[in-house]
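Fair warning: this is a prediction, and the values are worked out from it, not measured in the lab.
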2 protein chains.
Amino acid sequence: MHPDRLSLTFAALADPTRRAILVRLSSGARTVTELAAPHDMSMPAISKHLRVLERCGLIERSREAQWRPCRIKAAPIKEAVDWMEQYRRHWEESLDRLEEYLQELQKEKPHGRRKK
Amino acid sequence: MHPDRLSLTFAALADPTRRAILVRLSSGARTVTELAAPHDMSMPAISKHLRVLERCGLIERSREAQWRPCRIKAAPIKEAVDWMEQYRRHWEESLDRLEEYLQELQKEKPHGRRKK
DNA sequence: GGGGCGTTTAACCATTTGGTTAAATACAGA
DNA sequence: TCTGTATTTAACCAAATGGTTAAACGCCCC
């Protein structure tokens, strides 16, 4: 189970069908049938994907007669990008941290059965 | 099954334990034992998480004596951020696309059992 | 009020995921 | 070679995921 929204968002983005739906929605709101059309998949399957996207706040659904148009919401994406950018700089810096680390290990080794 | 790396990357990021590991690695390479320490979880569980991170290229492991130090790799993160940024602008713009869309639906409705 | 369209729910299924414990592997050092 | 430490593999399990088909629900329109 993923309790936090960040986990839910990344999980939602991990499926190509759901990403395709988001891309489609980036050009405006769409009905479920319209979203389903490009995918070789049953309607209930699409409905489930939409529920996953809704659960983490990536889309919102409203009612208009017999249609349930979906539109995208940017907030969770922003949170995800923010999380990544927060560490990205460190990650890109740490290209050669391995070498440093190996040297550290070497220094510790020279015979020390040291705890922890 | 997720064939593409983007899906694998998002799936890897969807777990809090794995994100914590990445954060830890952002300050430099670490051994498996060191990475496991903060988590109330068995060693094999950590080993599996590391395999998930390795599968999508978020980390690399090497050998140094009996240790298998891990270091982070930025490339998959960059791909993920790039994917999100590519559409982020559209998403943030489409705040009120719902209204437009409802008007479109209205225009189509006025009795047309139209096939599509 | 009945027919038909759009959408969701229910029930089911196979696979994947995230964890466990116990055993195996790899290596260092005495 | 034996012992201890670091790590992975194997086997297992419960729960979540991603799909299916069949039935139900909601709403327009005649």
Side-chain angles (χ1 to χ4, degrees), chain A residues 1-3 7-21 29-37 39-56 59-70 101-102 105-116, chain B residues 1-3 7-8 10-21 29-37 39-56 59-70 101-102 105-106 108-116:
Chain A
M1 204 182 316
H2 307 290
S7 296
L8 288 173
T9 302
F10 281 129
L13 292 172
D15 186 281
T17 303
R18 286 192 292 262
R19 288 201 306 277
I21 288 174
R30 292 286 181 276
T31 68
V32 177
T33 308
E34 286 171 328
L35 291 175
H39 304 281
D40 187 16
M41 198 176 295
S42 71
M43 214 53 150
I46 297 293
S47 198
K48 283 188 179 186
H49 281 304
L50 293 178
R51 201 144 54 92
V52 172
L53 291 170
E54 193 178 32
R55 186 177 45 154
C56 68
I59 67 169
E60 269 187 12
R61 285 183 279 187
S62 47
R63 319 183 81 104
E64 173 66 10
Q66 62 274 80
W67 296 282
R68 308 287 307 275
C70 304
Y101 192 69
L102 296 185
L105 281 182
Q106 289 295 345
K107 269 180 277 176
E108 282 198 17
K109 225 183 355 177
H111 61 35
R113 182 70 47 184
R114 78 187 48 182
K115 193 60 185 172
K116 211 272 180 65
Chain B
M1 205 179 314
H2 307 288
S7 296
L8 289 173
F10 281 129
L13 292 173
D15 186 281
T17 304
R18 287 193 291 263
R19 288 201 305 276
I21 288 174
R30 293 285 181 275
T31 67
V32 177
T33 308
E34 287 172 327
L35 291 174
H39 304 282
D40 188 18
M41 199 177 291
S42 72
M43 212 54 149
I46 297 293
S47 196
K48 283 188 178 184
H49 281 305
L50 294 177
R51 200 145 55 92
V52 172
L53 291 170
E54 191 178 33
R55 186 176 46 156
C56 68
I59 67 170
E60 269 187 11
R61 285 183 280 187
S62 48
R63 319 182 82 103
E64 173 66 10
Q66 63 273 77
W67 296 281
R68 307 288 308 273
C70 304
Y101 192 68
L102 295 185
L105 282 182
Q106 290 294 345
E108 282 200 15
K109 223 183 0 177
H111 61 42
R113 182 73 49 184
R114 81 185 47 181
K115 193 61 184 174
K116 202 278 174 61

d(CD1, A/Ile46; C1', C/dT8) in whole Å
13 Å
Looking at side-chain heavy atoms only, is the closest gap between A/Ser7 and B/Asp15 below 4.5 Å?
no
Testing the basics here: between B/Met43 and B/Ala36, what is the closest heavy-atom pair and its distance to 0.1 Å?
SD-CB, 3.6 Å
Distance, rounded to the nearest Å, where B/Met43 contributes CE and D/dT7 contributes P
5 Å
Less than 4.0 angstrom between a side-chain N/O of B/Ser42 and OP1 or OP2 of C/dT20, yes or no?
yes
How far apart are the closest heavy atoms of B/Leu13 and A/Phe10, and which atoms are they?
O-CD1, 3.3 Å
Whole angstrom is fine here: how far is it from CZ in B/Arg18 over to P in C/dG19?
8 Å
Rounded to whole angstrom units, what separation is found between the CG atom of A/Leu53 and the C1' atom of D/dT17?
14 Å
Report yes if a side-chain nitrogen or oxygen of B/His49 is closer than 4.0 Å to either non-bridging phosphate oxygen (OP1 or OP2) of C/dT17; otherwise report no.
no
OP1 or OP2 of C/dT8 under 4.0 Å from side-chain N/O of A/Arg61
yes
Picking from C/dA26, D/dC27, D/dT8, the nucleotide nearest the side-chain atoms of B/Pro44 would be D/dT8
Just how far, in rounded Å, is P of C/dT17 from NZ of B/Lys48?
10 Å
Among D/dT8, C/dT8, D/dC27, the one nearest any side-chain atom of A/Arg68 is C/dT8
Nearest-angstrom distance from the residue atom NE2 of B/His39 to C1' of C/dG18
14 Å
To the side chain of A/Thr17, which of D/dG19, C/dG19, D/dT7 is closest?
D/dG19
For B/Glu54, run the salt bridge (Lys or Arg N to Asp or Glu O under 4.0 Å) check against B/Arg68, B/Arg61, B/Arg18, B/Lys48 and tell me which one passes.
B/Arg61
Without decimals, in angstroms, what is the distance between A/Glu34 CD and C/dC5 P?
17 Å
Between D/dT7 and B/Ser47, is there an OP1 or OP2 to side-chain N/O distance shorter than 4.0 Å?
no
Rounded to whole angstroms, how far apart are CH2 on A/Trp67 and P on D/dG26?
17 Å
Closest heavy-atom contact between B/Leu50 and B/Val32?
CD1-CG2, 3.8 Å
